[in-house]
K.L.:
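What follows is a single structure, and I will ask about it in a moment.
By convention in this document, chain letters (A, B, ...) are assigned in the order of the sequence lines, proteins followed by strands, and residues within each chain are numbered from 1.
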Amino acid sequence: MNATSWVRRDLLGIADLSAAEIELILDTAESFREVSERPIKKVPTLRGRTVLNLFFEASTRTRSSFEIAEKRLSADSVNFSASTSGLKKGESLIDTALNLQAMSPDLIVIRHAHPGVPHMLAERVEAGVINAGDGAHEHPTQALLDAFTIRQHKGGFEGLKVSIIGDIEHSRVVRSNILLLTKMGAEVTVAGPRTMMPVDVESLGVRAVYSLEEALRGTDVVMMLRVQLERQAKMNFPSVREYFELFGLTRARLKAAKRDVILMHPGPMNRGVEIASDVAEGKYSVILEQVANGVAVRMAVLYLLSGVHQEVG
Amino acid sequence: MTAEIQRKRKILDSKQLSRVIRRMAVELLEKESEAKDLMLVGIRTRGVPLAEALAAEILRMEEVEVPVGVLDITLYRDDLSTIAPQPVVKETHFPTTLSDRALVLCDDVLYTGRTIRAAMDALIDFGRPRAIRLAVLVDRGHRELPIHADVVGRTIETRENEVIDVHFAETDGENEVLLLEKLGE
């Protein structure tokens, strides 16, 4: 038996988790990876359980990843998306939550543009709640799948140099990743234009730099973030070309990193904006492994959260 | 949850245990005409060292290397909704495909039969074996499903509050089989 056993009902953020709990999720995911390689990619573990996927924000990758994970565990999944939900018709979030509760789901996976919505939901419903991204706050399963991929390649986190590059300010992926990686003992550097760097970022225990070269020097892991072109109305940088010039990852620039560096991207990526096409497909890239690992990590989370929860009395 | 457990007696010591395993290997070969298409599948945790010990015996006697697979049945358990928290899931792996092989499920103790039911469900998801047999070190009775073993090391009459504790050097540092008793509940 592991030292830790899982007692949580919800996965709302990395902030709540201990290092031992993170290890348990990653170890469990390791076992689930094999399920996706079987001729019949399905186990009966969550038979008869209902999972609601509640996506108030567009998402293809995360939603499909959760859906595949649910189906491989034999859960019944039901999808709600923003365009068809009652919220569009003026229903309040609390009413939506109560209505969902009335259908007695076992788990709810939620993505919402506002931070804290999953937490609010978790307080009001009996089902377990999984945060699939709440505004710029957290995206715990993304950080877990990133960690899983890193651990696969590097064996562990202690003293590992991880550089996260791009729009640090608006990314929930960064926040969850910083929380997780620093908890596990990695040294995290963040880099990006000053307009995309939160002022107090170093209070999270990371080093902030403003040049790509400096961030890449001697690093073990490079995590490129998506430039959110749809937010570009805010004019955080003068032009896409200039961004690529200063912060775009090219093969030549990547040479500054360690020779066995791995290159990650949470997707969807903009080729020619934050990353050059040949690097994205090059030998250092583990971007598609991240996607495959996402399913295993989400299966692990669904499995752990679907345990019986006894009130501690 | 934790009832007090008292040791009653040793059923098999290390020497007796290896003798029993040797006999099980002979019986297994007797029942399967071709050792070549056999695969031993150890059910985690203590079915694995049993499967390995049987494979070593078969190698010694027949000079045939029988592949050994490892099966974790956690995801197929029928009591996941009643135990808390979730048990740790470990990996399952097979050295070759299962189709057209005669599989021998190996486990340390046969009790209710529920583990074997789960194991068979899992195996079927991996392919279509020619046959599935069952080899257990100890059959302690109290079956809840219509399941029986093809090869049995020892049959031991037990009471419900007794526990058969199998130890292997690989997992527990020593080869022995003990009978324990749970005191009170």
Side-chain angles (χ1 to χ4, degrees), chain A residues 1-11 20-21 23-50 69-75 106-107 128 152 296-313, chain B residues 1-2 5 39 41-46 48 68-101 103 114-130 132 145 163 165 167 171-172:
Chain A
M1 260 320 211
N2 276 37
T4 319
S5 53
W6 189 265
V7 291
R8 284 175 197 282
R9 184 190 291 271
D10 312 298
L11 177 67
E21 285 174 308
E23 289 281 0
L24 177 64
I25 298 174
L26 301 184
D27 290 345
T28 306
E30 196 74 58
S31 306
F32 276 110
R33 220 158 52 101
E34 169 266 316
V35 174
S36 298
E37 290 160 10
R38 295 182 186 184
I40 295 176
K41 303 177 185 58
K42 202 179 181 78
V43 289
T45 318
L46 295 191
R47 221 164 40 130
R49 309 288 185 97
T50 309
E70 290 152 11
K71 291 191 154 71
R72 291 199 176 152
L73 289 169
S74 304
D106 297 286
L107 287 166
Q152 253 179 355
V297 165
R298 290 179 175 115
M299 285 172 84
V301 168
L302 289 161
Y303 168 73
L304 291 170
L305 290 180
S306 63
V308 178
H309 296 280
Q310 291 170 332
E311 295 303 318
V312 182
Chain B
M1 283 283 284
T2 44
I5 289 183
M39 187 197 300
V41 177
I43 300 176
R44 277 191 197 275
T45 303
R46 285 178 189 76
V48 181
V68 176
V70 177
L71 181 63
D72 182 285
I73 56 113
T74 310
L75 301 173
Y76 290 83
R77 288 173 72 133
D78 60 6
D79 57 355
L80 279 179
S81 54
T82 55
I83 43 180
Q86 296 285 64
V88 176
V89 185
K90 300 250 176 72
E91 271 170 276
T92 290
H93 66 86
F94 300 104
T96 66
T97 69
L98 307 196
S99 296
D100 300 322
R101 279 191 177 265
L103 305 183
R114 287 177 193 268
T115 300
I116 306 304
R117 195 282 309 163
M120 285 194 289
D121 275 359
L123 289 180
I124 304 285
D125 281 356
F126 282 92
R128 188 178 187 281
R130 181 168 66 71
I132 302 179
L145 296 173
V163 178
D165 206 5
H167 292 167
T171 46
D172 314 281

K.L.:
Counting heavy-atom pairs under 4.5 Å to chain A, which of Leu75(B), Asp78(B), Val89(B) comes out on top?
P.N.:
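Heavy-atom pairs under 4.5 Å are most numerous for Leu75(B).
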
K.L.:
Indicate the atoms forming the closest heavy-atom contact of Ala119(B) with Ile43(B), along with that distance.
P.N.:
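Of all heavy-atom pairs spanning Ala119(B) and Ile43(B), the closest is CB-CD1, 3.8 Å.
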
K.L.:
Name the region of Tyr303(A), side chain, backbone, both or neither, that has any atom closer than 4.5 Å to a heavy atom of chain B.
P.N.:
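Backbone plus side chain of Tyr303(A), per the 4.5 Å heavy-atom cut-off to chain B.
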
K.L.:
If you compare all heavy atoms of Asp125(B) against all heavy atoms of Lys42(A), which two are closest, and at what distance to 0.1 Å?
P.N.:
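The pair with the smallest heavy-atom distance is OD2-O, 3.5 Å.
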
K.L.:
Between Arg44(B) and Glu91(B) (side chain of the first, backbone of the second, donor and acceptor by atom type, cut-off under 3.5 Å), is there such a pair?
P.N.:
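Yes, because the side chain of Arg44(B) sits within donor-acceptor range (under 3.5 Å) of the backbone of Glu91(B).
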
K.L.:
At a 4.5 Å cut-off on heavy atoms, which part of Thr97(B) comes close to chain A: side chain, backbone, both, or neither?
P.N.:
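The answer is neither part of Thr97(B).
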
K.L.:
Using non-hydrogen atoms and a 4.5 Å limit, figure out which bit of Glu34(A) sits close to chain B: side chain, backbone, both or neither.
P.N.:
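Contact with chain B: side chain only.
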
K.L.:
Which heavy atom of Ser306(A) sits nearest a heavy atom of Leu46(A), and at what distance?
P.N.:
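It is OG-CD2, 3.1 Å.
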
